[in-house]
Amino acid sequence: RSSFPCGVITAHVVVNQDRLFEIAGAVDMLAEALFISPMEGYSKRILCALVHLGVIPAAAAYDPWGPELPANEFDKIGRMLAALTTEAPG
């Protein structure tokens with residue numbers, strides 16, 4: 001998978017402003033997919049993203065306190081991540 005998250009952190013830590021500005025659009029794209037209404041669903045959306053990235057199994061993407069999300073939201077998050085990993089700079 002992409003090293004996108006590592007690139008964001010590295011650009012910040014080493015104060016590589018050019019790289020940080022390159023990545024800013026991708027960070028916005030990620031935020032626009034995960035932090036939407038209902039806002040209380042952001043935990044579930046993050047868990048869904050982690051499933052798509054292979055970090056956790058699908059069974060672990062359970063938020064007992066958050067709202068139910070539309071059935072297609074999992075797929076939308078997957079498409080967004082696929083776009084990020086193919087479009088994110090360097």
Under 4.5 Å between side-chain heavy atoms, hopping through other hydrophobics if needed: is there a path connecting [X] to [Y]?
{"X": "Y42", "Y": "I56", "value": "yes"}
{"X": "F35", "Y": "L30", "value": "yes"}
{"X": "I36", "Y": "M80", "value": "no"}

Spatial distance of atom [atom1] ([X]) from atom [atom2] ([Y]) [nearest 0.5 Å]:
{"X": "L50", "Y": "I77", "atom1": "CG", "atom2": "CD1", "result": "10.0 Å"}
{"X": "L34", "Y": "E73", "atom1": "CG", "atom2": "CD", "result": "9.0 Å"}
{"X": "I46", "Y": "L53", "atom1": "CD1", "atom2": "CG", "result": "11.5 Å"}
{"X": "E68", "Y": "D63", "atom1": "CD", "atom2": "CG", "result": "9.5 Å"}
{"X": "L47", "Y": "L69", "atom1": "CG", "atom2": "CG", "result": "10.0 Å"}

TODO: Could you pull out the closest heavy-atom pair between M39 and R45, with the gap in Å?
DONE: O-NH1, 4.4 Å
Task: Nearest heavy-atom neighbours spanning V51 and A61 - done: CG2-CB, 3.6 Å
Task: CZ (F74) with more than 12 external heavy atoms under 6.0 Å - done: yes
Task: H52 side-chain N/O to R79 backbone N/O, donor-acceptor pair under 3.5 Å - done: no
